[in-house]
Amino acid sequence: MDRPRRGLAIQADSADPDAIRRAVSQTLDTLGGLDILVNSAGIGTAGMTADLALADLQAMLDVNVRAPVLFAQAAIPHLSSGGRIISIGSALAERMPFPGVTAYAMSKSALLSLTRGLSRELGAQGITVNLVLPGSTDTAMNPANGENADYQRSLTSLGRFGEPREVASAVAFLAGPAASLITGAVLSVDAGFNA
C-alpha cells in the first residue's frame with residue numbers, strides 16, 4: 001500500500017542564505033521530514049563577457065551556484081537512505097553554440113561538479129544526487145515564441161522546444177524508486193541539443 005504523499009510550496013529568495021535556511025526549516029516543521037531536494041531556481045543575463053555588469057554576474061552566481069550548495073547543506077542532515085537531491089542545470093553547461101551566454105553557462109556548469117561530488121559524499125548514506133539539463137523549454141524566461149526561438153529550435157535534433165512537464169517528468173523519474181541505482185548522473189532533456 002502506498003503511503004499518502006504531501007508537499008509544501010514556499011516562496012523564498014534563492015539569493016538570500018537566510019531565506020534558504022528558513023525554507024528548509026519550514027519544510028521540516030510542516031512535513032516532519034525531508035525526502036527530496038530539487039534545486040530548480042535559475043536566472044540568466046545574456047551579454048558578452050566584457051560587457052557583463054558585476055551585479056548581473058554576482059546575481060547569477062548567487063542563485064545558480066551558491067543557492068544549490070546552501071540548500072544541500074541545509075537539507076543533507078535531514079535526508080536518510082533513499083533521499084534524493086536533483087538539480088536543474090542547462091544544456092548550455094555542456095555546449096556553447098553561440099556567444100553571449102558564457103557567464104550563465106559557466107554558472108550552470110558548476111552544477112556538474114556539485115552533482116558528481118555530492119554523489120560521492122552521500123552515496124554511502126544511500127542518498128542519490130543527479131542533474132537534469134533542460135534545453136530550450138517553453139517558459140517565461142525563454143518562450144517558444146520568443147525572438148530567438150526559431151534559431152534555438154534549429155540547434156536541436158527534434159526541432160522543437162521542450163514543455164515544462166517533460167522536464168518535470170525527468171525529475172519525477174529521478175526522484176522515484178526506479179532510479180535508485182542512478183547517482184552522479186547527468187540527464188539531458190534537450191530535444192537533442194547536445195547530441
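Computed from a predicted structure; not experimentally measured. When a residue number appears, it is its place in the shown sequence, counting from 1.
Arg116 contributes no side-chain N or O that, together with a main-chain N or O of Leu114, makes up a donor-acceptor pair within less than 3.5 Å. Put simply, the side chain of Ser107 never gets that close to the backbone of Leu61: no donor and acceptor are under 3.5 Å apart. Side chain of Asn64 to backbone of Lys108: no donor-acceptor contact under 3.5 angstrom is found. Side chain of Asp138 to backbone of Pro164: no donor-acceptor contact under 3.5 angstrom is found. With Ser25 contributing its side chain and Arg22 its backbone, the two residues share no donor-acceptor pair below 3.5 Å. Looking only at distances, no side-chain donor or acceptor of Arg21 sits under 3.5 Å from a matching main-chain atom of Ala74.
Closest approach of Ala67 and Ser14 over heavy atoms only: CB-O, 3.1 Å. Here the shortest heavy-atom pairing between Ile85 and Ala72 reads CD1-CB, 4.4 Å. When every heavy atom of Ala75 is checked against every heavy atom of Leu37, the shortest pair comes out as CB-CD2, 4.0 Å. Here the closest heavy-atom approach between residue Phe161 and residue Asn142 is recorded as CE2-O, 3.3 Å. Contact detail for Ile88 and Pro134: the closest heavy-atom pair is CG2-CG, 3.6 Å. Across all non-hydrogen atoms, the minimal contact from Met96 to Ala105 is CE-CB, 3.1 Å.
Between the CG atom in Leu174 and the CG atom in Asn130 there is a gap of 5.0 Å [rounded to 0.5 Å]. Here Asn148 contributes atom CG and Arg153 contributes atom CZ; the two are 11.0 Å apart, rounded to the nearest 0.5 Å. Distance check, rounded to the nearest 0.5 Å: CG of Asn39 to CG of Leu70 gives 10.0 Å. Distance check: Gln58 CD to Arg66 CZ gives 7.0 Å after rounding to the nearest 0.5 Å. Going from atom OG of Ser109 over to atom CG of Leu92 covers 10.0 Å, rounded to the nearest 0.5 Å. Here the CG-CG distance, from Asp150 to Asn145, works out to 10.0 Å after rounding to the nearest 0.5 Å.
Leu133 is not listed as a side-chain neighbour of Phe193, based on a closest heavy-atom distance of 4.5 Å or more. Taking the side chain as every heavy atom from C-beta outward, Met60 and Thr45 approach each other to under 4.5 Å. Counting only heavy atoms from C-beta outward, the side chains of Phe173 and Ile182 approach each other to under 4.5 Å. Side-chain contact between Val186 and Thr115 is absent, with no heavy-atom pair separated by less than 4.5 Å. Side-chain contact between Ile127 and Glu121 is absent, with no heavy atoms from C-beta onward closer than 4.5 Å. Side-chain contact check for Glu94 versus Leu112: some heavy-atom pair is nearer than 4.5 Å. The shortest distance between side-chain heavy atoms of Ser136 and Thr156 does not fall below 4.5 Å. With contacts defined as side-chain heavy-atom distances shorter than 4.5 Å, the pair Ile76/Leu118 qualifies.
Around atom CE of Met48, no more than 12 heavy atoms belonging to other residues, nucleotides or ligands sit under 6.0 Å away.
Pairs passing the salt bridge (Lys or Arg N to Asp or Glu O under 4.0 Å) check and including a residue from residues 163-191, sequence neighbours excluded, read Arg160-Glu166.
In this structure, Leu122 is a member of the same hydrophobic cluster as Leu111, with clusters built from ILVMFWY side-chain heavy atoms closer than 4.5 Å. Residues Val38 and Met141 do not share a hydrophobic cluster, clusters being chains of Ile/Leu/Val/Met/Phe/Trp/Tyr side chains in contact below 4.5 Å. If you chain together hydrophobic residues whose side chains sit under 4.5 Å apart, Phe71 and Leu28 fall into the same group. In the hydrophobic clustering of this structure, Leu155 does not group with Val167; members are Ile, Leu, Val, Met, Phe, Trp, Tyr whose side-chain heavy atoms approach within less than 4.5 Å, directly or through other members. Under a hydrophobic clustering in which Ile, Leu, Val, Met, Phe, Trp and Tyr are joined whenever their side-chain heavy atoms come within less than 4.5 Å, directly or via other members, Val189 and Val129 fall into different clusters.
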